Peer 1: 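Have a look at this one.
The basis for the numbers below is simple: all heavy atoms, side chains too, and nothing from hydrogens, waters or symmetry mates. Just so it is clear: chains get the letters A, B, ... in the order the sequence lines come, proteins before strands, and each one is counted from 1. Just so we're clear, the structure is a prediction, and the values are computed from it rather than from any experiment.
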Amino acid sequence: MLDIRLIREKPDFVSERLATRGGSDEAKIAEVLRVDAERRKIETQLQRLQADRNRLSKEIGAKRSRNEPSEELEVQVRKIGDEIGDLAQRASALDQEQRNLLLEIANLPHESVPIGKDPSGNRVVRSWGEKPQLSDPADHVALGQKLKILDLERAAKLSGSDFICFTGAGARLERALINFMIDLHTREHGYTEISPPFLVRRDCMIGTSQLPKLEAEMYGLEENQLFLVPTAEVPLTNLHRDEILNVADLPRKFVAYTPCFRREAGAAGRETRGIIRVHQFDKVELVKITMPEKSYEELESLTANAERVLQLLGLHYRVVELCTGDLGFGSAKTYDIEVWSPGQNAFLEVSSCSNFEDFQARRMHLRFKDRDGKNRLCHTLNGSGLALPRLFAALIESYQQSDGSVRLPEKLRDYFGAEKIEMTKHE
RNA sequence: GGUGAGGUGGCUGAGUGGUUGAAAGCAGCGCUUUGCUAAAGCGCCGUGCUCCAAAAGGGCACCGAGGGUUCGAAUCCCUCCCUCACCGCCA
């Protein structure tokens, strides 16, 4: 959520910056300004009447205590009370309207973000490693079938298309990767491990800005108004919602494993083959809550922390800086980390590291008390560290051997309990 | 799920209809005293919104949330949420 004061004071600047995302929010800006002006007008009238009422009511009290008649005043105040009721209703309706409008206006891109309409405007900022030399690489679906570590047919039987069922060594590999990543981030990168609820209230979803915009993509339980988390970003960032943190406690750094649930209406095709895009997937997520002065520094280190996973696994990847047109709704700046998938012959996004600045913090009233004792909004950041299915796919594709087995990178062997995944007769 | 008790400022905790935005204590900040530390004394010390070009300074709202009663509600009534305790059920 943007600061209404910024919109009020620099509407042209805000509109211009929003326009770089493509899709015009200018109408919304004009609308929110209109509502804001009206709201303040009504509130001022309302407050004058309330001041009158307070003053006269005190007089009534004083008169009564002196046993003087007060009926005249009472009649007068009752009349004021009616007007107040009217105005109060209008004021709160306007207030609600203003908030609803603000909730649907995207964040301003950071000034360093390249201007662009669509993904073609993104900029590769670095890459690491090299494509593995494989003559005719099988993709993860074929490998998974042969090795009996992935059973998409039966997953579909259980839950429909675009669900995953890992079996045997596949399930174990998934678990090994989760443990490996969480250990890395807690032991070497200083994150605190959290095991949060997988169901959260609507307020949390609004706080991290999945709602109201993306309601159609979320799974919800209507009867008790809970949502299945689309990412651990939601519970982790909301941990300190409605709190005022001590500056000495910043930055807060959290890591969590959760499943992620998404409707993802997208069409089937090569982009969605196998386990690349599914309705439920596992992810290890990193979240930081920082003071504003430090957030861009923290974005760099967060991205580096996520990259470290791929480096230790020896997987080729690149880091892409998203342009204004490809930026997520709440993000001011985002780096995507894309791992090389020999099977798809393409880079796959396994992490999206973003700085939301105070966009989420304003929605969730997440503040800190600075050294002067002033309350200020925190900045929030998050990034996957990393998303499992695509990592799984890239990993087995990259490390496939000519005999059809998969030789695991060193770092994973202890976690997995073996050096390689081989064909088995039975599952 | 049932019963009971409760939800007040950073914390503890008073307050059952009128100058209470809220006693008191703790913590915090400033000043004074002081060889250092400690202690003592004095003062300051919630948040949001709004008026004013702005500062200074006003005003309004907020005692879990939302309604209601009343001239006036932290205080009375209703609904909901949450916490705690016990019981039931259960991996």
Side-chain angles (χ1 to χ4, degrees), chain A residues 1-11 32-103 195-207 221-227 235 238-250 252 259 289 291 358 361-378:
Chain A
M1 192 159 77
L2 297 178
D3 187 352
I4 183 63
R5 270 173 241 156
L6 178 68
I7 298 177
R8 205 186 285 155
E9 280 157 28
K10 299 179 178 172
V32 89
L33 281 172
R34 188 188 64 74
V35 172
D36 175 55
E38 178 71 4
R39 191 202 95 235
R40 285 186 295 151
K41 198 183 99 193
I42 299 294
E43 273 181 18
T44 303
Q45 289 175 19
L46 171 64
Q47 288 174 8
R48 288 214 179 101
L49 290 176
Q50 285 171 320
D52 289 346
R53 179 175 68 180
N54 290 346
R55 188 168 40 78
L56 295 176
S57 286
K58 271 178 192 173
E59 253 177 70
I60 292 170
K63 276 187 192 270
R64 285 200 180 179
S65 68
R66 291 190 305 252
N67 278 317
E68 291 171 16
S70 59
E71 289 77 24
E72 246 177 78
L73 278 177
E74 285 175 35
V75 170
Q76 200 181 337
V77 175
R78 196 174 297 132
K79 215 182 115 204
I80 293 176
D82 292 342
E83 288 180 62
I84 286 176
D86 261 21
L87 282 175
Q89 232 170 16
R90 286 172 65 192
S92 87
L94 285 164
D95 194 66
Q96 193 56 49
E97 193 181 347
Q98 177 176 322
R99 181 171 165 82
N100 289 343
L101 284 165
L102 285 172
L103 286 178
S195 179
F198 300 162
L199 291 169
V200 295
R201 295 168 180 285
R202 176 172 216 97
D203 284 349
C204 292
M205 298 287 277
I206 291 173
L221 278 59
E222 272 160 42
E223 59 274 25
N224 38 15
Q225 281 287 304
L226 290 171
F227 290 83
N238 277 285
L239 275 177
H240 291 297
R241 181 156 58 93
D242 286 319
E243 290 185 33
I244 299 172
L245 301 174
N246 196 315
V247 68
D249 295 331
L250 298 177
R252 302 289 284 143
I289 300 171
M291 46 196 284
D358 62 15
R362 184 171 291 106
R363 290 171 164 240
M364 63 173 83
H365 304 294
L366 168 55
R367 293 170 296 175
F368 72 101
K369 200 170 276 292
D370 72 12
R371 286 176 224 286
D372 301 325
K374 270 184 58 184
N375 296 332
R376 296 166 59 199
L377 292 167
C378 298

Peer 1: Rounded off to whole Å, could you give me the CG-to-C1' distance for the A:Asp52 and B:C71 pair?
Peer 2: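 In whole Å, B:C71 C1' and A:Asp52 CG are 13 Å from each other.
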
Peer 1: Rounded off to whole Å, could you give me the CD-to-P distance for the A:Glu74 and B:C71 pair?
Peer 2: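 After rounding, the reported distance stands at 6 Å.
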
Peer 1: Side chain of A:Ser57 only, heavy atoms from C-beta on: which candidate in B:G18, B:C51, B:C60 is closest?
Peer 2: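 The listed nucleotide nearest to A:Ser57's side chain is B:G18.
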
Peer 1: When you measure from the side chain of A:Arg367, which nucleotide among B:U50, B:U47, B:C82 comes out closest?
Peer 2: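 Side chain of A:Arg367 sits closest to B:U47.
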
Peer 1: Quick one: look up who B:G43 pairs with, Watson-Crick or G-U, both distances under 3.5 Å, and put none if it's unpaired.
Peer 2: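 Its partner is B:C29 (Watson-Crick or G-U wobble, both distances under 3.5 Å).
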
Peer 1: To the nearest Å, give me how far apart CG (A:Leu366) and C1' (B:G48) are.
Peer 2: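 The answer, rounded to whole Å, is 17 Å.
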
Peer 1: Work out how far the C1' atom of B:U47 is from that of B:G64, and round it to whole angstrom.
Peer 2: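 Going atom to atom, C1' in each nucleotide, I get 16 Å.
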
Peer 1: Please give me the minimum heavy-atom distance between A:Asp370 and A:Val247, naming the atom from each residue.
Peer 2: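 Looking at all heavy atoms of both residues, the shortest contact is CA-CB, 4.4 Å.
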
Peer 1: Looking at the base of B:G18, is there any donor atom on it, or on the side chain of A:Arg64, that sits under 3.5 Å from an acceptor on the other one?
Peer 2: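 Under the 3.5 Å cut-off, the side chain and the base do form a donor-acceptor pair.
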
Peer 1: Between B:C81 atom C1' and A:Asp242 atom CG, what is the distance in whole Å?
Peer 2: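 Checked: the CG to C1' distance equals 14 Å.
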
Peer 1: Is B:U12 paired to anything, Watson-Crick or G-U wobble with both distances less than 3.5 Å, and if yes, which nucleotide?
Peer 2: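 B:A24 - that is the nucleotide pairing with B:U12, both distances being under 3.5 Å.
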
Peer 1: Starting at atom CD of A:Glu243, determine the distance to atom C1' of B:G10, rounded to an integer number of angstrom.
Peer 2: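 It works out to 12 Å between those atoms.
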
Peer 1: Expressed as a whole number of Å, how far does the P atom of B:G18 sit from that of B:A56?
Peer 2: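 35 Å, rounded to whole Å.
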
Peer 1: Describe the nucleic acid contact of A:Leu73 in one word from base, sugar-phosphate, nothing, applying a heavy-atom distance below 4.0 Å.
Peer 2: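 Nothing, no nucleic acid heavy atom in range.
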
Peer 1: With rounding to whole Å, what would you report as the distance between B:G48 and B:G9 at their C1' atoms?
Peer 2: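 Result for the C1' pair: 14 Å, nearest Å.
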
Peer 1: Using a heavy-atom cut-off of 4.0 Å across all strands, would you classify A:Arg55 as base, sugar-phosphate, or nothing?
Peer 2: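 Since no nucleic acid heavy atom lies under 4.0 Å of A:Arg55, the category is nothing.
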
Peer 1: Looking at every strand, decide which applies to A:Asp95 at a 4.0 Å heavy-atom threshold: base, sugar-phosphate, or nothing.
Peer 2: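 If one applies the 4.0 Å heavy-atom cut-off, A:Asp95 turns out to touch nothing in the nucleic acid.
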
Peer 1: Are any non-hydrogen side-chain atoms of A:Val35 and A:Leu101 less than 4.5 angstrom apart?
Peer 2: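 A side-chain contact exists here, since the closest heavy-atom pair is under 4.5 Å.
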
Peer 1: May I ask you to check whether A:Gln50 and A:Asn54 show a side-chain donor-acceptor distance below 3.5 Å?
Peer 2: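 Side-chain D/A pair, A:Gln50 to A:Asn54: absent.
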
Peer 1: Please report, rounded to the nearest Å, how far the P atom of B:U70 is from the CZ atom of A:Arg78.
Peer 2: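 These atoms are roughly 8 Å apart.
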
Peer 1: So what does A:Asn54 hit on the nucleic acid, given a heavy-atom distance under 4.0 Å: a base, only sugar-phosphate, or nothing?
Peer 2: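 Sugar-phosphate: the residue A:Asn54, judged by heavy atoms under 4.0 Å, touches backbone atoms but no base.
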
Peer 1: Using purine N1 to pyrimidine N3 plus N6-O4 or O6-N4 for Watson-Crick, or N1-O2 and O6-N3 for G-U wobble, each under 3.5 Å, what pairs with B:C89?
Peer 2: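 Matched B:C89 with nothing under the 3.5 Å cut-off.
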
Peer 1: Might you work through the side-chain contact (heavy atoms from CB on, under 4.5 Å) test for A:Met1 and A:Leu103, ending with a clear yes or no?
Peer 2: CA-CA 6 Å; A:Met1 192 159 77; A:Leu103 286 178; 4.0 Å; yes

Peer 1: With a 4.0 Å cutoff (strictly under), does any side-chain N or O of A:Arg5 reach OP1 or OP2 of B:C49?
Peer 2: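 For B:C49, OP1/OP2 do have a side-chain N/O of A:Arg5 under 4.0 Å.
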
Peer 1: Can A:Leu102 and A:Arg99 be said to form a side-chain contact (heavy atoms from CB on, under 4.5 Å), step by step?
Peer 2: CA-CA 5 Å; A:Leu102 285 172; A:Arg99 181 171 165 82; 5.6 Å; no

Peer 1: Whole Å only: how far is the CG atom of A:Asn375 from the C1' atom of B:G46?
Peer 2: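 Roughly 9 Å, once rounded to whole Å.
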
Peer 1: Please tell me if A:Arg40 has a side-chain N or O lying less than 4.0 Å from either OP1 or OP2 of B:C49.
Peer 2: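 Checking B:C49 against A:Arg40, no side-chain N or O comes under 4.0 Å of OP1 or OP2.
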
Peer 1: Could you tell me whether A:Glu38 and A:Arg90 make a salt bridge, using a distance below 4.0 angstrom between a side-chain N and a carboxylate O?
Peer 2: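 A salt bridge is present here (some side-chain N lies under 4.0 Å from a carboxylate O).
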
Peer 1: With a 3.5 Å limit on both atom pairs, tell me what B:A54 is paired to, counting Watson-Crick and G-U wobble, or say none.
Peer 2: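 Check on B:A54: unpaired, no WC or wobble geometry under 3.5 Å.
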
Peer 1: Please figure out whether A:Arg39 or A:Ile60 has its closest RNA chain B nucleotide nearer the 5' end.
Peer 2: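 First, find each residue's nearest nucleotide; the 5'-ward one identifies A:Arg39.
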
Peer 1: Under 4.0 Å between any heavy atoms, over every strand shown, what does A:Arg8 touch: base, sugar-phosphate, or nothing? Just pick one.
Peer 2: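 Touches sugar-phosphate only.
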
Peer 1: In the structure shown, which nucleotide is the Watson-Crick or G-U wobble counterpart of B:A38, with both distances under 3.5 Å?
Peer 2: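 Across any shown strand, B:A38 pairs with none.
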
Peer 1: In whole Å, measure the gap between the C1' atoms of B:G2 and B:G59 for me.
Peer 2: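 So the two C1' atoms sit 49 Å from each other.
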
Peer 1: Look through every strand shown and name the nucleotide pairing with B:C84 as Watson-Crick or G-U wobble, where both distances are under 3.5 Å.
Peer 2: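 Checking every strand shown, B:C84 finds its partner in B:G4, with both distances under 3.5 Å.
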
Peer 1: Find which nucleotide of RNA chain B each of A:Ile244 and A:Val77 is nearest to by heavy atoms, and output the residue with the more 5' nucleotide.
Peer 2: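 It is A:Ile244, whose closest nucleotide lies nearer the 5' terminus.
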
Peer 1: What's the closest nucleotide to the side chain of A:Gln50 if the choices are B:G72, B:C81, B:C60?
Peer 2: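 So the nucleotide nearest the side chain must be B:C60.
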
Peer 1: Roughly how many Å apart are B:G21 and B:G88, using the C1' atom of each and rounding to a whole number?
Peer 2: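 Nearest-Å result for B:G88 against B:G21 at atom C1': 44 Å.
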
Peer 1: Which whole-number value in Å describes the distance from A:His240 NE2 to B:G10 C1'?
Peer 2: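 Nearest whole value for this atom pair: 15 Å.
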
Peer 1: Just wondering, are more than 12 heavy atoms of other shown residues or ligands nearer than 6.0 Å to CD in A:Gln89?
Peer 2: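 Incorrect, the count does not exceed 12.
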
Peer 1: If you check the A:Lys58 side chain, which of B:U19, B:A61, B:C82 turns out closest?
Peer 2: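 Shortest atom-to-atom distance from the side chain points to B:U19.
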
Peer 1: Side chain of A:Gln47: nearest nucleotide among B:U47, B:C49, B:A61?
Peer 2: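 For the A:Gln47 side chain, the nearest candidate turns out to be B:C49.
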
Peer 1: Quantified in whole Å, what is the P atom distance between nucleotide B:G17 and nucleotide B:U12?
Peer 2: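 Straight-line distance between the two P atoms is 26 Å.
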
Peer 1: If you only use heavy atoms from C-beta on, which nucleotide in B:C82, B:U47, B:G18 is closest to the side chain of A:Arg201?
Peer 2: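 Out of B:C82, B:U47, B:G18, the nucleotide with an atom closest to A:Arg201's side chain is B:C82.
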
Peer 1: Under 3.5 Å for both donor-acceptor distances, Watson-Crick or wobble: does B:C63 have a partner, and if so which one?
Peer 2: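 The base-pairing partner of B:C63, which may sit in any strand shown, does not exist here.
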
Peer 1: Please give the distance between the C1' atoms of B:U75 and B:A22 as a whole number of Å.
Peer 2: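 Here B:U75 and B:A22 have their C1' atoms 12 Å from each other.
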
Peer 1: On a whole-Å scale, what distance lies between the P atoms belonging to B:C52 and B:A38?
Peer 2: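 These two P atoms come out 49 Å apart once rounded.
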
Peer 1: Just wondering, do A:Arg40 and A:Gln98 contact through their side chains at under 4.5 Å, heavy atoms?
Peer 2: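 They are not in side-chain contact.
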
